[in-house]
Amino acid sequence: MRLILFFSALAGASWCLETFVGNQVLRVKANSEEEINKLQLLETLEHLQLDFWLHPSNPALPVDIRVPFPSLQSVKVFLESHHIEYSILIEDLQVIVEEEKQEMVNNQQRERGTSNFNYGAYHPLETIYAALDDLAAEYPSLVSKQQIGESYEKRPMYILKFSTGGTNRPAIWLDAGIHSREWITQATALWTAKKIASEYGNNPSVTSLLNGMDIFLLVVTNPDGYAFTHTNNRMWRKTRSKNSGSLCIGVDPNRNWDAGFGGPGASTNPCSESYHGPSANSEVEVKNVVNFIKSHGKIKAFLTLHSYSQLLLFPFGYKCTNPADYNELNTVGKAAASALASLYGTTYKVGTICSTIYQASGGSIDWSYDYGIKYSYAFELRDTGRYGFLLPASQIIPTAEETWLGLLKIMEHVRDNQPMPLLICSFECSQESSDVDWHLPESIVNEEVGLSDNLSLLIMRGLLVFSVLLAAAFSHKLFVGDQVLRIRASNEEQIALLRELGELEDLQIDYWLSPAQPGLPVDMRVPFHSLQAVKVFLESNTIPYTITVDDVQELLDEEKDAMMVSRKFERSSNSFSFSSYHTIEEIYSWMDNLVAENPDLVSKIQIGQSYEKRPLYVLKFSTGGINRPAIWIDTGIHSREWITQATGVWTANKIATEYGKDASLTAILDTVDIFFEIVTNPDGFAYTHSTNRMWRKTRSINAGSSCRGVDPNRNWDAGFGGPGSSSNPCAETYHGPYPHSESEVKSIVDFVLSHGNVKALLSIHSYSQMLLFPYGYKAEPAPDHQELNDLAREAVAALAALHGTKYTYGSTIDTIYRADGTTIDWSYDNGIKYSYTFELRDTGRYGFLLPATQIIPTAEETWLALLKLMEHIRDNPY
């Protein structure tokens with residue numbers, strides 16, 4: 001390693017590339033204002049050549065300093081002599097730089113060999129500009145490239161325009177890379193550009209957004225600086241303009257805007273990393289953006305990507321007063337941060353620049369806000385300091401994916417909060433569903449009609465009242481004011497109390513996660529009318545709880561709106577969106593299309609009828625042969641778990657389209673058949689769309705009771721009727737009058753037994769992020785426990801490899817609770833060794849109401865685990 005570093009230093013010197021051998025990044029924790037002042041003094045000592053990655057501002061925030069090797073001893077002595085705490089974040093910066101460089105070299109070789117652009121790698125400026133050309137060529141009706149000016153060194157400044165037509169429409173501005181060393185921002189922006197282009201026509205939200213607004217994306221805001229980070233100095237931050245009277249080059253382009261220019265948080269020293277420049281907008285890179293924004297005149301949002309620290313900031317930075325729109329900007333910011341966190345759990349802090357980090361004058365979003373662009377936000381992307389500006393390329397895709405969710409949440413708000421046109425409502429309704437189509441009168445279809453705040457409020461209230469009346473008219477159960485509480489019982493006594501609480505039928509509590517044992521979370525949906533009583537009960541028994549969903553109906557309304565947008569798009573484009581939820585009729589129609597498109601591989605079989613006489617369809621994937629070894633997969637046995645049916649649809653399409661392309665899947669299907677039941681409980685699923693979104697059971701009539709339905713995952717002949725199920729027909733876990741009483745269950749039993757060669761049964765549920773295997777009805781380990789456990793560990797590792805989603809695995813009874821009469825216990829007892837239950841995302845933030853934005857990530861990661869299981873089954877015949 002020393003030889004490699006020595007050689008790297010020599011090679012770097014020969015090519016004028018600055019090296020950082022022996023440089024360390026220190027994380028400093030100041031405990032007082034006096035220590036902050038000492039660090040600010042240290043920052044002024046130019047001979048030490050310190051590079052403050054995070055500046056000293058207040059004792060609550062970390063300070064990160066890159067210290068050149070010659071200055072290490074001096075800096076550490078300074079810190080220790082003043083009793084200022086520090087730790088070493090990066091032991092040798094050059095090691096990370098070399099790893100990054102080698103990864104880029106490897107990627108360039110791969111790209112040359114395959115002619116494919118890798119969005120999971122860092123690229124030089126020329127490669128990015130070529131990718132912009134390719135994107136515009138690939139999507140000519142949506143994407144165009146425009147030059148808005150040149151940099152100081154005469155490099156073109158290109159923006160991508162995403163537009164579906166029209167002139168001077170409302171628009172959103174997005175830029176990245178204003179600080180050139182923040183490579184994750186340019187990479188994220190490039191991924192985002194591809195995402196926008198490819199999602200139009202596939203993602204209802206993106207489609208709706210671009211049908212009404214344009215997006216302008218500047219991927220490389222500081223091209224001279226970015227080129228310099230590749231050729232000379234990886235740590236370069238500023239522009240490359242010359243400063244009169246100084247040997248130091250460049251200006252901080254995010255201190256150069258005409259918003260509190262030259263004030264606190266910017267430097268007058270041309271050698272400083274935060275030098276504000278000789279005058280506002282002196283940097284041509286800044287001036288070009290300013291001119292474009294002003295000449296356009298209808299920019300409604302200004303979004304800029306920086307790194308690092310995981311922050312979402314809004315004005316002001318040049319002054320420490322809140323903006324006029326503080327409440328709205330803060331609310332939208334928190335919603336965006338929550339959406340971002342929903343994918344990988346990455347937490348962002350939200351607030352004004354001045355209150356969240358420090359005072360910073362001359363920043364871009366302060367200028368845009370002062371210019372009248374209300375929705376002005378700056379993202380500080382990953383991480384929080386482990387790698388800083390040298391975030392590994394392996395984190396590009398996860399960073400971009402989660403950032404996209406935050407950006408989309410903001411853009412949706414921008415779209416939905418433009419001046420409101422007058423609306424006319426026309427609607428079509430049927431027994432199973434109702435669509436409401438709001439449209440403009442033809443006479444004003446091309447005009448914007450601005451409404452006062454009071455009039456807008458009156459219209460909104462009117463719409464809400466109408467929505468309630470419409471829902472009531474069609475008997476659609478509402479959940480206005482219902483909350484989901486997360487409870488953590490600390491002992492068995494509290495578990496018993498929670499079970500007693502659930503038996504009080506007048507409270508109508510719906511346990512999303514039932515009380516099982518101390519340490520495991522308990523989630524309950526509490527109707528509005530029972531909230532006070534339940535909370536008093538919990539508090540009086542000192543049982544701690546938090547609110548995970550503040551109003552269930554709000555999530556349902558968002559879900560319904562997304563479905564309506566998707567349905568309109570699908571009708572207009574004659575396509576199917578895998579990132580949306582669908583009704584049973586839509587799923588069954590799609591299945592017919594899949595069979596028609598893949599007749600040599602896919603066929604549709606009816607294995608029976610539901611209680612209400614709906615067909616029970618199974619897709620068979622087979623390359624030929626009779627009664628070959630087979631894998632059974634089912635989804636949606638609990639009807640409200642919509643993410644499972646959506647994942648099932650995506651997975652079925654994946655199997656059909658990947659055969660002959662994916663070597664592993666092809667090898668599986670060449671020897672094994674796959675049977676896939678996507679809607680296992682069709683009556684319940686239809687009911688969740690027409691009447692009660694929270695319905696779990698079948699829809700059979702129970703003799704002697706007004707309560708309908710049976711839990712189809714307590715109805716199997718495996719420990720039937722035991723304590724892990726209920727004898728109460730009104731309970732969500734009612735086991736039914738006898739095993740296989742439900743035709744939905746009996747049809748599967750008959751099919752599997754008659755086939756006689758099913759080797760695996762995989763049942764997909766939600767939520768909790770678990771992979772379970774037998775047993776649930778008894779504590780005795782399954783005879784194949786060790787193999788099932790080892791295979792489960794491999795499957796969850798494969799799943800986590802994509803998005804970092806963590807799953808717990810183990811037997812049902814050991815991992816969650818006792819559950820009698822379940823699918824996989826029956827299948828295992830009937831000789832199907834590889835019997836597993838998936839509990840998909842999430843771990844409780846949304847529960848059964850997982851947003852549609854998470855369908856694709858959930859399906860993609862679940863597929864990796866399914867594939868791992870199926871490979872093992874293929875390779876281990878029995």
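Judged by distance alone, the side chains of D683 and S610 do bring a donor and an acceptor atom under 3.5 Å apart. With 3.5 Å as the limit, one finds no donor-acceptor pair spanning the side chains of T635 and T644. A donor atom on one side chain and an acceptor atom on the other are not found under 3.5 Å apart for H582 and Q645. A donor-acceptor pair shorter than 3.5 Å can be found between the side chains of Q395 and R382. S205 and E412 form a side-chain donor-acceptor contact under 3.5 Å, judged by distance and modelled atom types alone.
Residues Y581 and H689 keep their aromatic ring centres 6.0 Å or farther apart. In this structure, H872 has its ring center under 6.0 Å from that of Y834. Here F675 and W632 keep their ring centres 6.0 angstrom or further from each other.
For the atom pair I674 CD1 and I655 CD1, the distance stands at 4.0 Å (nearest 0.5 Å).
Under 4.0 Å is where a charged nitrogen must lie from a carboxylate oxygen, and between K697 and E742 no such pair does. A salt bridge links E103 to R110: one of the charged nitrogens lies within less than 4.0 Å of a carboxylate oxygen. Salt-bridge formation is detected for the pair R793/D790: a Lys NZ or Arg NE/NH1/NH2 atom is positioned less than 4.0 Å from an Asp or Glu carboxylate oxygen.
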Task: ring pair (Phe, Tyr, Trp, His ring centres under 6.0 Å) evaluation trace for F576 with F578 - done: CA-CA 6 Å; F576 187 90; F578 292 98; 5.2 Å; yes
Task: Worked check of ring pair (Phe, Tyr, Trp, His ring centres under 6.0 Å) between F848 and H638 - done: CA-CA 10 Å; F848 301 123; H638 288 148; 8.4 Å; no
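Checking side-chain atoms of N598 against main-chain N and O of V602 turns up no donor-acceptor pair under 3.5 Å.
Shown are E138, E401, E199; of these, the salt bridge (charged side-chain N to carboxylate O under 4.0 Å, His left out) with K194 is made only by E138.
Geometrically, K759 engages Y878 in a cation-pi contact, judged by NZ or CZ lying under 6.0 Å from the ring centre and within 45° of the ring axis. Judged by a 6.0 Å distance limit and a 45° cone about the ring axis, R693 is positioned over the six-membered ring of W642.
Surrounding NZ of K604 are more than 12 heavy atoms belonging to other residues, nucleotides or ligands, all under 6.0 Å away.
Aromatic ring pairs are classed by plane angle as parallel below 30°, tilted from 30° to 60° and perpendicular above 60°; the pair F751 and H755 is tilted.
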